[in-house]
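Since the structure comes first, as structure tokens, the remarks are kept for the end.
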Amino acid sequence: MLTYVCGVIILARLFSLQIINGADYRQSSNTRISREALVEATRGNILDRNGTSLVSSEMTFALEMYKSKTDDASLNSSISLMTLILQNNNDSYCDNFPISIEPFEFHFNSDEKLVEWKKAYKIPETASAEEAFYLFRDKYNIDSEDIKEIRRILAIRYEITTKGYSVTKSISIAKSISRSSAIQLQESSSELTGVNVIIESKRLYNMGSLASHIIGYMGRIREGDKQWLDSLGDTYKYEPDNKVGQNGIEKVFEKYLRGIDGEKQIDMDVDGTITGEYVTKEAIGGSDIVLTIDANLQEVTERALADCISNIRNGHYSNIYNATGGAAVVLDVNNGEVLAMASNPDYSPQLLYDGISNEQYADYNTRKVWSNKTIQGTYEPGSTYKMITAIAGLESGAINSTEKINDTGIYYSGKERKEFHCWYYDNYHIGHGPLNVVGALAGSCNYFFYETGTRAGIDEIAKYANHFGLGIKTGIELNGELPGLVASPATRTPWNPGDTLNASIGQGDNTFTLLQIAKYISMIANGGNNIDVSIIRNVLNSDGSTISDTEIDEFVKKQLNLTATSSDDDGVIVKPETIAIIKDGMRSVTEDRRRNCCFSISKFSN
């Protein structure tokens with residue numbers, strides 16, 4: 001009996017839906033369009049070790065358009081009102097139409113591009129800018145005599161033509177519009193065909209150019225980005241006009257920073273007026289990246305570096321040199337955390353995100369701001385390498401802590417008796433005289449290390465250089481790190497005795513990054529223990545959980561295509577007494593003002 005009653009009720013309901021109210025429902029269906037749209041996830045923040053916000057995201061209003069079933073007159077009227085509202089509130093909108101007015105002018109980089117453009121849009125080759133302007137007006141059936149209004153409408157119609165849109169795929173009209181524009185546009189929605197105000201996030205670089213080479217920047221997807229974006233997996237969906245990390249932490253940790261977009265359904269009538277929308281899948285915010293750097297120390301380091309470069313240019317230290325850049329690194333010697341990393345000149349990530357002018361971009365290129373000199377430049381280490389030669393000599397037994405080598409000013413090499421001078425040899429000096437290893441380090445005596453290098457041999461020197469991380473990527477979580485090069489018979493054929501001498505004082509084929517030098521010095525400072533250099537402290541998910549160090553390590557190695565960087569398992573052991581001797585020599589550099597000056601001159605001359 002119950003089944004029979006239920007059946008009757010269902011039949012009655014179907015009769016009502018299909019027969020009594022069928023026409024109304026069909027009419028409603030024919031005049032309504034539903035589409036799926038993404039709900040953009042909020043990008044994660046980048047913080048310093050103390051929680052200071054270096055990079056964040058804020059929610060802003062943006063404007064998009066969908067195709068609707070309307071005629072040119074209604075579309076043009078809608079565009080005119082939309083652009084007028086934006087203009088009155090000083091908000092910019094997309095405008096790639098290549099003809100300006102008052103006066104009429106084409107905007108192309110070359111005559112060839114102008115010819116190609118005219119051909120593509122079937123504009124007579126001899127047409128002037130004014131003639132082409134009015135041909136486009138007629139093409140889009142713009143019924144207006146106001147030249148400025150025509151130009152506003154053409155900007156959007158041209159964008160629609162070149163990029164395309166549909167009832168399900170929008171075209172971006174404006175980013176980061178003011179609240180006033182958003183309110184006025186929503187109030188006028190009945191007059192705006194297919195226009196939709198949305199909320200999206202905007203990247204904010206809160207410290208200006210501070211740590212720009214660490215943080216990196218965001219920019220629109222480039223042609224070469226597809227492969228690495230695909231490697232992030234199907235979870236992360238990108239549109240051609242999306243902005244992604246293009247350098248530094250923003251790029252390497254794009255997967256974690258981006259978050260996972262949600263979805264929403266938008267209902268609109270055939271005229272393009274939105275009648276409702278609701279979220280069908282919540283967005284998941286991106287993870288926060290906590291760096292090891294200290295923002296205050298980073299600022300002090302960058303300022304000191306800039307002052308130093310300026311002083312060199314102005315001759316405050318010695319002669320005037322055209323110093324155009326420099327780099328500095330501060331490491332925690334105990335665990336390898338980067339406390340500050342500065343590369344000069346730097347750039348503004350915000351400017352690159354918001355839109356940089358051609359003039360500013362050209363200036364950046366001229367000044368070569370893009371390179372992070374701490375990891376993307378390799379340089380001869382000079383006298384800073386002499387501790388490696390000393391360690392090789394002491395560990396191999398070629399020298400001991402008490403033996404003195406007499407620096408006569410000129411070291412003779414090979415049967416040809418080729419001369420190699422100590423820096424402390426000129427018309428007034430004949431050399432340092434007898435020095436032990438501590439004194440040789442204090443005075444940066446070239447002669448002493450020529451002899452030590454000859455005795456120990458280049459293979460021993462190279463072995464200890466590798467042990468201290470020289471010529472090997474540190475594995476820091478930044479893109480573009482170079483491995484450097486340790487001088488050895490593998491780098492030069494044939495290898496001559498003079499090559500060993502040059503290598504012994506940090507010249508010849510030796511080229512290392514500043515970060516490698518910082519790691520090497522840190523290992524000496526902490527007693528010879530290996531350190532794993534890192535600029536990432538932790539990664540925090542939007543739900544408050546922390547991503548494991550193991551996952552981050554594996555991810556970074558895959559992203560940067562890194563092999564093993566640790567020297568723990570190379571089988572090389574440096575005796576504690578050797579490290580103590582080296583530290584004593586380094587300490588002696590600062591104890592004698594004259595020696596300190598000499599050491600500095602030696603470094604610059606090398």
Side-chain angles (χ1 to χ4, degrees), residues 35 37-46 53-66 68 75 77-96 148-149 151-153 155-156 159-160 165 170-208 218-220 239 241-243 257-259 261-269 271-279 282-286 348-357 542:
R35 63 173 180 269
L38 291 178
V39 177
E40 183 181 358
T42 302
R43 193 173 180 86
N45 303 311
I46 301 177
S53 177
L54 304 174
V55 188
S56 60
S57 296
E58 70 172 2
M59 304 313 294
T60 62
F61 296 105
L63 195 61
E64 61 183 8
M65 281 187 70
Y66 288 88
S68 57
L75 178 59
S77 175
S78 176
I79 292 173
S80 177
L81 176 58
M82 173 184 69
T83 54
L84 184 61
I85 290 173
L86 293 171
Q87 180 178 285
N88 289 341
N89 288 293
N90 296 316
D91 288 324
S92 60
Y93 51 85
C94 60
D95 186 352
N96 295 301
K148 292 182 179 179
E149 181 183 23
R151 181 62 180 75
R152 296 200 318 270
I153 297 171
I156 306 303
E159 191 79 5
I160 291 171
Y165 70 160
S170 66
I171 184 171
S172 177
I173 300 299
K175 300 283 188 180
S176 299
I177 64 176
S178 64
R179 180 175 292 274
S180 296
S181 285
I183 292 172
Q184 292 174 41
L185 288 164
Q186 289 172 330
E187 289 175 345
S188 304
S189 60
S190 61
E191 304 173 62
L192 299 174
T193 303
V195 176
N196 187 24
V197 176
I198 61 174
I199 296 177
E200 63 181 14
S201 63
K202 175 184 177 180
R203 207 63 170 154
L204 297 177
Y205 295 90
N206 303 313
M207 298 291 186
M218 293 185 69
R220 296 202 180 281
E239 297 294 334
D241 64 342
N242 284 165
K243 290 183 178 180
L257 287 165
R258 178 174 173 77
D261 291 336
E263 295 177 358
K264 65 180 178 180
Q265 181 172 307
I266 300 175
D267 295 334
M268 61 190 303
D269 60 28
D271 294 328
T273 302
I274 294 176
T275 58
E277 62 178 68
Y278 52 92
V279 175
E282 294 289 346
I284 300 174
S348 167
Q350 194 69 60
L351 191 61
L352 292 165
Y353 181 87
D354 292 338
I356 188 171
S357 67
S542 58

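For this chain, numbers begin at 1 and follow the sequence in order.
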Could you give the distance from [atom1] ([X]) to [atom2] ([Y]), rounded to the nearest 0.5 Å?
X	Y	atom1	atom2	answer
Leu351	Ile356	CG	CD1	4.5 Å
Gln350	Met218	CD	CE	11.0 Å
Ser176	Arg203	OG	CZ	13.5 Å
Ile173	Ser92	CD1	OG	12.0 Å
Ser80	Lys148	OG	NZ	13.5 Å
Ile199	Thr42	CD1	OG1	10.5 Å

Do [X] and [Y] touch side chain to side chain, with heavy atoms closer than 4.5 Å?
X	Y	result
Asp95	Arg151	yes
Met65	Leu75	yes
Arg152	Ile156	no
Tyr66	Ser170	yes
Lys202	Asp354	yes

Apply side chain to side chain donor-acceptor pair (under 3.5 Å) to [X] and list each qualifying residue two or more places apart in sequence or on a separate chain.
X	answer
Asn96	Glu159
Ser181	Asn89, Asp91, Ser178
Ser201	Glu40
Glu187	none

Mind checking side-chain contact (heavy atoms from CB on, under 4.5 Å) for [X] and listing every partner two or more places apart, or none if nothing turns up?
X	value
Asn206	Ser53, Ser56, Leu204
Ala174	Leu63, Leu86, Tyr93, Ile177
Ser172	Lys175, Asp241
Ile198	Ala62, Glu64, Asn196, Glu200, Lys264

- Partners passing salt bridge (Lys or Arg N to Asp or Glu O under 4.0 Å) against Arg258 (at least two apart in sequence or in another chain): Asp261

- Query: Backbone N or O of Leu185 within a donor-acceptor pair of the Ser188 side chain at under 3.5 Å?
  - Reply: no

- Got more than 12 heavy atoms from elsewhere within 6.0 Å of CG, Leu84? yes

- Gln186, CD: over 12 other non-hydrogen atoms inside 6.0 angstrom: yes

Nearest non-hydrogen partners of [X] and [Y], listed with the distance:
X	Y	value
Pro349	Gly208	CD-O, 3.6 Å
Leu192	Met82	CD2-N, 3.9 Å
Gly286	Ser542	O-CB, 4.1 Å
Gly194	Ser68	N-OG, 4.3 Å

